Amino acid sequence: REVVGGGGEGGGGGEEGARRGRGGEQLRPGRVRDGTVKSRTDVGAFIDVGGLDGLLRLGDMTWGKIKHPGEMFQTGQEVEVVVLKFDAKKCKLDLGFKQRQPNPWDSVTERFPQGARVKGKVSSLTDFGAFVELEPGLEGLIHISEMSWTRKLKHPSELMKEGDTIEALLLEVDPAARRLRLGLRQLEPNPWDTVGERFRVGSKTIGTVKTLTEFGAFVELEPGIDGLIHITDLSRRKLGHPSEAVKPGDKVEVMVTKLDLDQKRIGLSRKDLEPDPFEAFFNEHNIGDSVTGTLLRIKDGVGVFVDLGNGNEALIRTVDLTEKTDTPLEQQFTVGDPITGKLAKMDPIPRKIQMPVITSPPVQEVEG
């Protein structure tokens with residue numbers, strides 16, 4: 001092996017100058033030389049090339065990614081390297097190893113056309129997605145939003161882990177930006193495309209209550225497809241909270257009332273499957289009938305509301321009270337007391353019942 005000196009091609013004279021000239025020619029950028037791994041550091045490896053130490057940096061070892069030279073080279077190993085730069089005056093030699101192979105990005109569109117199904121290894125996970133190595137030097141990103149049609153993932157680790165070999169669809173190829181965009185969910189049909197066929201408005205189905213909120217209950221109709229029962233659609237009776245009607249894990253029969261495929265929203269109802277208590281009351285009673293109920297709540301300036309059962313309420317307006325007085329309603333009535341009135345109005349459209357108070361039911365005497 002020829003020993004390479006540190007002088008320039010024109011430096012020195014005679015045999016020494018000729019030797020340096022030949023050495024400079026051998027170290028011209030682009031030349032391929034044999035060398036021996038002399039030592040390794042975190043930044044790269046020092047390679048003995050004809051008696052001159054050259055630096056092979058970590059980034060010039062492979063088109064892919066490595067964290068330490070030890071992943072590729074061992075001390076004493078014979079390697080073939082490419083001269084990247086040689087400074088004869090400073091006796092500084094920069095070497096490359098990956099340059100022995102073509103840059104994979106130069107032909108990426110030929111080997112990985114947009115729309116192709118590809119396989120790769122998950123190289124790293126982040127909060128926003130997963131990086132997948134298709135081959136050394138070519139990495140694509142699966143954004144977390146492209147992983148599932150239906151699941152709302154908090155982190156990619158819910159679906160995959162580093163080192164997994166997965167299949168994905170190539171959504172975008174941008175050689176200039178060196179960017180590959182991949183999709184996982186595109187390998188499966190979008191279930192929302194056919195939701196309208198399976199859950200038509202007006203149809204009945206069975207689902208499982210997943211979560212409760214102040215405004216309603218979310219029901220899973222099938223894996224990844226949820227619908228909402230608003231609190232006002234849970235029951236014919238008025239609820240303070242959805243937990244008064246259902247709890248997580250309950251199997252419930254529901255009716256599909258709304259379908260918004262663009263927003264991926266399904267509206268559900270339970271009360272529409274229950275008999276209409278107002279309709280039953282309306283059919284069984286006439287104006288002028290006396291009915292008895294329980295005082296439900298008092299609203300000063302408006303009147304008192306009476307529970308007639310099965311979710312039906314009647315309003316006795318302040319002006320319709322039999323006994324008119326300046327005494328506040330809260331002092332005249334007590335919530336929970338029985339109260340009797342005569343039906344004065346039953347309006348089926350707003351579903352309202354009105355009646356003036358007649359008397360409170362007489363207290364029955366207890367026989368001694």
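Nothing here was measured: the structure is a model prediction, and the numbers come from that model. Along the sequence shown, residues are numbered consecutively beginning with 1.
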In terms of side-chain geometry, is the basic nitrogen of Asp94 or Lys85 positioned less than 4.0 Å from the acidic oxygen of its partner?
-> no
Side-chain (Glu158) to main-chain (His155) donor-acceptor, under 3.5 angstrom | yes
Write down the atom of Pro69, the atom of Gly44, and the distance for their closest heavy-atom approach.
-> CG-O, 3.3 Å
Charged N to carboxylate O under 4.0 angstrom, Arg117 versus Glu167?
-> yes
Supply the atom-to-atom distance Leu125 CG to Glu162 CD, rounded to the nearest 0.5 angstrom.
-> 5.0 Å
Counting N and O atoms only, with roles assigned by atom type, does the side chain of Thr257 sit under 3.5 Å from a partner on the main chain of Gly267, one being a donor and the other an acceptor?
-> yes
Passes side-chain contact (heavy atoms from CB on, under 4.5 Å), Leu180 versus Val173? Steps please.
-> CA-CA 5 Å; Leu180 297 175; Val173 183; 3.8 Å; yes
Are any non-hydrogen side-chain atoms of Leu273 and Arg270 less than 4.5 angstrom apart?
-> no
Within the distance-only criterion (no hydrogens, no angle test), does the side chain of Asp250 pair as donor or acceptor with the backbone N or O of Val252 below 3.5 angstrom?
-> no
Flag, side chain of Asn190 to backbone of Trp192, donor-acceptor distance under 3.5 Å | yes
Main-chain N/O of Glu188 paired with Trp149 side-chain donor or acceptor, under 3.5 Å | yes
Derivation and outcome, side-chain contact (heavy atoms from CB on, under 4.5 Å), residues Ile142 and Met147 | CA-CA 7 Å; Ile142 307 177; Met147 292 185 176; 3.8 Å; yes
Ile144 side, atom CD1; Leu184 side, atom CG - distance, nearest 0.5 Å | 11.5 Å
Quickly, which of Arg297, Lys299, Lys352 forms a salt bridge (Lys or Arg N to Asp or Glu O under 4.0 Å) with Glu313? Name it, please.
-> Arg297
Applying the 4.5 Å side-chain criterion to the ILVMFWY set and letting contacts propagate, would Leu228 and Val195 be lumped into a single cluster?
-> no
Any idea which heavy atoms bring Phe281 and Val291 closest together, and the distance?
-> CZ-CG1, 4.3 Å
Are Ile229 and Ile231 co-members of a hydrophobic cluster defined by side-chain heavy atoms under 4.5 Å apart?
-> yes
Would you mind reporting whether Leu27 and Leu52 have side-chain heavy atoms less than 4.5 Å apart?
-> yes
Validation row: Phe282, Ile353 side chains within 4.5 angstrom (heavy atoms) | no
For Arg179, does the CZ atom sit with more than 12 other heavy atoms under 6.0 Å from it, leaving out its own atoms?
-> no
Might you work through the side-chain contact (heavy atoms from CB on, under 4.5 Å) test for Arg151 and Leu159, ending with a clear yes or no?
-> CA-CA 10 Å; Arg151 291 182 60 182; Leu159 284 182; 3.4 Å; yes
Answer whether the closest heavy-atom distance between the side chains of Lys342 and Asp289 falls below 4.5 Å.
-> no
Should we count CG of Asp42 as having more than 12 external heavy atoms under 6.0 Å?
-> no
If you round to the nearest 0.5 Å, how far is CG of Leu268 from NZ of Lys258?
-> 11.0 Å
Here the gap from Thr36 atom OG1 to Asp53 atom CG, rounded to the nearest 0.5 Å, amounts to 10.5 Å
If the plane angle is over 60° it's perpendicular, under 30° parallel, otherwise tilted; pick one for Phe128 and Phe131.
-> perpendicular
Above 12 or not: heavy atoms from other molecules or residues under 6.0 Å from CZ of Arg265?
-> no
Please confirm whether the backbone N or O of Thr165 pairs with a side-chain atom of Lys119, one donor and one acceptor, at under 3.5 Å?
-> no
Hey, mind stepping through Asp87 and Lys92 against salt bridge (charged side-chain N to carboxylate O under 4.0 Å, His left out) and telling me if it holds?
-> CA-CA 5 Å; Asp87 188 330; Lys92 185 177 180 182; over 6 Å; no
Atom of Met346, atom of Ile287 and distance for their closest heavy-atom approach = N-CD1, 3.8 Å
Give the intermediate values and the outcome of salt bridge (charged side-chain N to carboxylate O under 4.0 Å, His left out) for residues Lys65 and Glu139.
-> CA-CA 10 Å; Lys65 289 184 178 180; Glu139 226 176 31; 3.1 Å; yes
Phe46 and Leu93, any side-chain heavy atoms less than 4.5 Å apart | no
Could you check if a side-chain atom of Phe73 sits within less than 4.5 angstrom of a side-chain atom of Leu56, using non-hydrogen atoms only?
-> yes
Flag yes if Leu329 and Leu296 sit in one hydrophobic cluster, no otherwise; membership is Ile, Leu, Val, Met, Phe, Trp, Tyr, and two members link when side-chain heavy atoms are under 4.5 Å apart.
-> no
Closest non-hydrogen atom pair, Val49 against Arg33 = CG1-CB, 3.8 Å
Please determine if Arg185 and Glu146 form a salt bridge, counting it only when a charged side-chain N lies under 4.0 Å from a carboxylate O.
-> yes
Dump the intermediate steps for side-chain contact (heavy atoms from CB on, under 4.5 Å) on Phe97 and Asp60, then the final yes or no.
-> CA-CA 6 Å; Phe97 187 77; Asp60 287 313; over 6 Å; no
His241 side chain near Glu214 side chain, heavy-atom distance below 4.5 Å | yes
Gap between atom CD1 of Ile47 and atom OG of Ser39 - 0.5 Å precision | 8.0 Å
If you round to the nearest 0.5 Å, how far is CG of Asp337 from CD of Gln332?
-> 12.5 Å
Which pair of heavy atoms, one from Pro175 and one from Val108, lies closest together, and at what distance?
-> CG-CG1, 3.8 Å
Check the hydrophobic clustering (I, L, V, M, F, W, Y; side-chain heavy atoms under 4.5 Å; chains of links allowed) and say if Leu138 and Met61 are grouped together.
-> no
Is the closest side-chain heavy-atom distance between Thr150 and Pro191 below 4.5 Å?
-> yes
